[in-house]
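Notes follow the structure.
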Amino acid sequence: MDKLVAFFKNVWFRRGVAIASWAYTGFMIWVAWISYAYYLEFENPVPAFVLYLFINVSAMGLMILSRKQVITQVNSYILPPIVFLITFFGFGNWYLVIPPVAVMLVLFFVNTSNETLKTVLGTMYLLLFVIGIVGLIGATRFFGEITFVGPYLSKRDLNYEQLSSDEEYRLVRYLEVTSDRSTMGYYVEYTGDDIKLPMGVAKKVLGCERIHTAEYTSLSQNFVEWKIRKINGKDTEVLIVDGKSVRENPYLKKPLSSSSGSGSSNGSSSKPSSTSGTTSSTVISSSSSSG
C-alpha cells in the first residue's frame, strides 16, 4: 500500500498526468467546434450523456491530482475561454455545457498558482462570461433566436430527410411558424462532413446551401425532391422545386447547362466545392443532443 501511495505522489507520475490532461483541453476545443458547426442527433441521449459526463469527471480527477504542476496550472487558465465558446454556441443545451463548466470552475479554484494572477484572470473570465451570456440573452429577447450557421437549428424538421441516390447529400427542412408568417426552408447538406459519434451522429450544418423557401401549408406537402434528369446527354441527379423548376446540386463544382428531358438511372457522384454555403438567416443553436 505504501508503494502505491508513493507511486501516486511521485513527481514524474504527476507530471505525466498533467501532460495527459491536455488531451481533455483538445477534446473541449473539438466540442466547441461541434457545438458551433454541427447538429447533433442521438439514438439514445442518456447513455451518450453518461459517457460525456464520465470523460469530464475523469479529466477533473486527473487535473486535481496534478494541480500543483505548472502544466496543469497553465491548462486551468486556457480552459475558460474554450468553455465559454461551448457555453455561447451551445447555450440551452445544458447537458453539453454544464459538465465542462463544472470542471473549469473546480480546476480554476484548486490549482495552486499565484493568487494575484488567479484573481486578475478570474475577474477577466468572469466578465467574459457575464457580458457574453447576458448579451446573448438580451439579443435573443429583443431579436429572437440567434444562429451563426444559417438555418435555425431548433426549427429543424426531425421527421424530414431525403438523401440523394449516392447518399452523399442530404435534403433537410426547417419549419418557421410565427404569428405573421409560416415558411418551410429547404437546405442541402454534404454527408461526407458528418462525424460518427458513440450512439449518435454530428451532422455538418455550417456551409449548408439553401434551395427553396415556401409557404408552410402542411407537413405532408413536399416542395423539393431529388430526381434524375438528362443533362448534356448524361443522367444527372438534380433537385426539382415545385414539381417543375430544375435546380442543380449546389455542391457541384460545375453548373448545369441544360435542364431538359428525364431519365431513370442512378445519379452520378460528385464532390463538394470549396465555396461556402449561402444562407439568408444567421443564428445560434446546438443540437438534439449539442442541445
Side-chain angles (χ1 to χ4, degrees), residues 33-45 47-48 89-90 92-93 96 145 147-177 182-229 236-243 245-252 266-273 276-291:
W33 167 243
I34 288 290
S35 64
Y36 165 59
Y38 288 78
Y39 179 83
L40 302 179
E41 283 187 0
F42 291 97
E43 300 172 2
N44 192 338
F89 293 126
N93 301 320
L96 186 73
E145 185 182 1
T147 182
F148 297 108
V149 295
Y152 297 80
L153 300 186
S154 66
K155 302 182 186 301
R156 190 180 178 107
D157 187 351
L158 301 181
N159 298 316
Y160 181 93
E161 184 175 291
Q162 289 190 21
L163 294 175
S164 60
S165 60
D166 54 17
E167 298 188 352
E168 286 193 28
Y169 304 98
R170 176 173 54 242
L171 180 65
V172 297
R173 182 170 66 186
Y174 289 85
L175 307 174
E176 185 174 358
V177 181
S182 299
T183 61
M184 294 178 173
Y186 292 85
Y187 292 78
V188 174
E189 299 170 354
Y190 177 57
T191 61
D193 290 333
D194 293 349
I195 300 175
K196 182 64 178 176
L197 302 174
M199 296 161 281
V201 61
K203 297 181 177 181
K204 181 74 174 293
V205 176
L206 182 67
C208 65
E209 298 277 356
R210 187 177 65 175
I211 293 298
H212 183 62
T213 299
E215 183 180 354
Y216 174 48
T217 54
S218 171
L219 290 178
S220 61
Q221 188 170 3
N222 186 21
F223 291 95
V224 184
E225 57 184 339
W226 297 102
K227 289 289 185 180
I228 303 298
R229 290 290 183 266
T236 306
E237 191 162 29
V238 296
L239 292 154
I240 304 298
V241 179
D242 284 334
S245 175
V246 178
R247 302 280 182 86
E248 64 171 305
N249 184 333
Y251 282 93
L252 293 176
N266 292 333
S268 59
S269 174
S270 58
K271 299 298 182 182
S273 66
S276 60
T278 55
T279 52
S280 62
S281 40
T282 51
V283 193
I284 185 174
S285 178
S286 186
S287 136
S288 96
S289 62
S290 72

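As the structure is a prediction and not an experimental result, all values here were calculated from the model.
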Which distance, rounded to the nearest 0.5 Å, do you find between the CD1 of Ile228 and the OG of Ser165? 5.0 Å
Compare all side-chain heavy atoms of Pro151 with those of Val205 and state whether any distance is below 4.5 angstrom. yes
Is the backbone of Ala202 close enough, under 3.5 Å, to the side chain of Glu41 for a donor and an acceptor to pair up by distance? no
Euclidean distance, Met184 CE relative to Glu176 CD, rounded to 0.5 Å: 12.5 Å
Quick check: closest heavy atoms across Tyr39 and Leu153, and the distance to 0.1 Å? CE1-O, 3.7 Å
Mind checking whether Lys203 and Glu161 have side chains closer than 4.5 Å, heavy atoms only? yes
NZ (Lys227) with more than 12 external heavy atoms under 6.0 Å: no
Hey, could you give me the CD/OH distance between Glu209 and Tyr169, rounded to the nearest 0.5 Å? 11.0 Å
Do Arg247 side-chain atoms and Ile211 backbone N/O form a donor-acceptor pair below 3.5 Å? yes
With Trp226 as reference, evaluate Asn249, Leu163, Ile240 under the side chain to side chain contact (heavy atoms under 4.5 Å, CB included) test and give the passing residue. Asn249
What I'd like to find out is whether the side chain of Leu40 reaches to under 4.5 Å of the side chain of Phe42, using heavy atoms alone. yes
Who passes side chain to side chain donor-acceptor pair (under 3.5 Å) against Glu225, sequence neighbours left out? none
Where is the tightest heavy-atom contact between Tyr190 and Tyr251, given as atom of each residue plus distance? N-OH, 3.6 Å
Closest approach of Glu248 and Leu239, non-hydrogen atoms and distance? O-CD1, 4.2 Å
Atom of Ile195, atom of Ile34 and distance for their closest heavy-atom approach: CD1-CD1, 3.6 Å
For the residue pair Asn222 and Gln162, establish whether any side-chain heavy-atom pair is separated by less than 4.5 Å. yes
For the residue pair Arg170 and Val172, what are the closest heavy atoms and their distance? CG-CG1, 3.6 Å
Taking Ser182 for the side chain and Tyr216 for the main chain, is one N or O donor matched with an acceptor at less than 3.5 Å? no
Side-chain donor-acceptor pair under 3.5 Å between Tyr174 and Arg156, yes or no? yes
Can you see which heavy atom on Met199 is nearest to which on Pro47, and at what distance? SD-CB, 3.2 Å
Is there a side-chain contact between Glu237 and Glu168 (heavy atoms, below 4.5 Å)? no
Could you work out, with ring-ring contact (aromatic ring centres under 6.0 Å, His included) as the rule, every residue matching Tyr160, not counting sequence neighbours? Tyr186
Using a 3.5 Å distance criterion without hydrogens, assess whether the side chain of Arg173 forms a donor-acceptor pair with backbone atoms of Leu219. yes
Partners passing side chain to side chain donor-acceptor pair (under 3.5 Å) against Glu215 (at least two apart in sequence or in another chain): none
Is there a donor-acceptor pair under 3.5 Å between the side chain of Ser35 and the backbone N or O of Phe89? no
